[in-house]
Amino acid sequence: RKAAWRKQQNNEGGNNASAHDDKGTAWCGAEPFAVTRYSELAANPPTPLQWMLDRMVPAGYVTSLYGPGSIGKSMLAMQLAECVATGSPFMGLNVSRGVVLTMMSEDDMDEQGRRVHRFGGGSENVFAVNADDDTGPCLIRFDARGAPIWTAVGERLEATVAAYRP
């Protein structure tokens with residue numbers, strides 16, 4: 001199969017990579033990803049990234065913190081949110097000022113309130129999603145074909161983001 005694929009690529013100039021055998025059947029039953037040559041990427045200057053937190057958190061992208069429990073991820077995220085909302089440097093790094101919407105899937109509003117008091121926060125431009133009444137933090141599930149499906153929590157979060165987007 002690989003030899004047939006390579007032959008097809010050589011005959012077609014390699015422009016449209018295909019994971020199909022000689023009969024046109026996909027090897028694994030799935031369509032291949034679209035590909036872009038590095039030469040095409042090199043021909044177009046990239047759009048510069050905008051940063052919420054200098055060289056660490058890009059603006060306009062979903063960002064998550066991962067790590068073992070009880071090491072301070074939520075507190076770090078809440079303090080970063082406060083710095084973005086006020087335009088204050090975060091741990092010596094510049095931030096872009098903006099409105100912040102947080103969703104702390106493991107902390108209820110009481111715990112978030114305790115933490116805000118602990119670090120002296122309270123900005124009017126930080127909004128904590130109150131997801132206490134939902135069953136869990138799962139935002140997206142995947143169907144049998146691998147297509148993403150918003151869960152009820154994901155749909156509510158999407159609506160909340162739309163309502164609070166500046």
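As the structure is a computational prediction, the values presented were derived from the model and not from experiment.
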Next on the checklist: Do Met56 and Leu93 make a side-chain contact, defined as non-hydrogen atoms from C-beta onward lying under 4.5 Å apart?
Outcome noted: yes
Item to check | Heavy-atom neighbours of Tyr38 OH exceed 12 at 6.0 Å | outcome: no
Checklist entry - For the hydrophobic clusters of this structure (ILVMFWY residues joined by side-chain heavy atoms under 4.5 Å, transitively), does one cluster hold both Val57 and Met91? => result yes
Checklist entry - Are side-chain heavy atoms of Leu139 and Leu157 found at a separation under 4.5 Å? => result yes
Checklist entry - Is any side-chain heavy atom of Val153 less than 4.5 Å from a side-chain heavy atom of Met103? => result yes
Item to check | Distance (rounded to the nearest 0.5 Å) between Glu82 CD and Arg115 CZ | outcome: 15.0 Å
Checklist outcome for this item: Heavy-atom nearest pair, Cys83 first then Pro89, reads SG-O, 3.5 Å
Checklist entry - If you look only at pairs with a residue in residues 143-152, which of them pass as a side-chain hydrogen bond (donor to acceptor under 3.5 Å, both in side chains), with sequence neighbours excluded? => result Asp143-Arg145
Checklist entry - Same hydrophobic cluster for Leu101 and Val126, using side-chain heavy-atom links shorter than 4.5 Å among ILVMFWY? => result no
Item to check | Listed once per pair and sorted, the side-chain hydrogen bond (donor to acceptor under 3.5 Å, both in side chains) pairs that draw on residues 40-60, sequence neighbours left out | outcome: none
Next on the checklist: Just checking Met75: does its CE atom have more than 12 heavy atoms from other residues, nucleotides or ligands closer to it than 6.0 angstrom?
Outcome noted: yes
Item to check | Heavy-atom check, side chain of Asp110 versus side chain of Arg114, under 4.5 Å | outcome: yes
Item to check | Main-chain N/O of Ala85 paired with Arg97 side-chain donor or acceptor, under 3.5 Å | outcome: yes
Checklist entry - If we only count heavy atoms from C-beta on, is the Val100 to Asn125 side-chain gap below 4.5 Å? => result no
Checklist entry - Atom CE of Met104 and atom CE of Met78: how far apart are they, to the nearest 0.5 Å? => result 5.5 Å
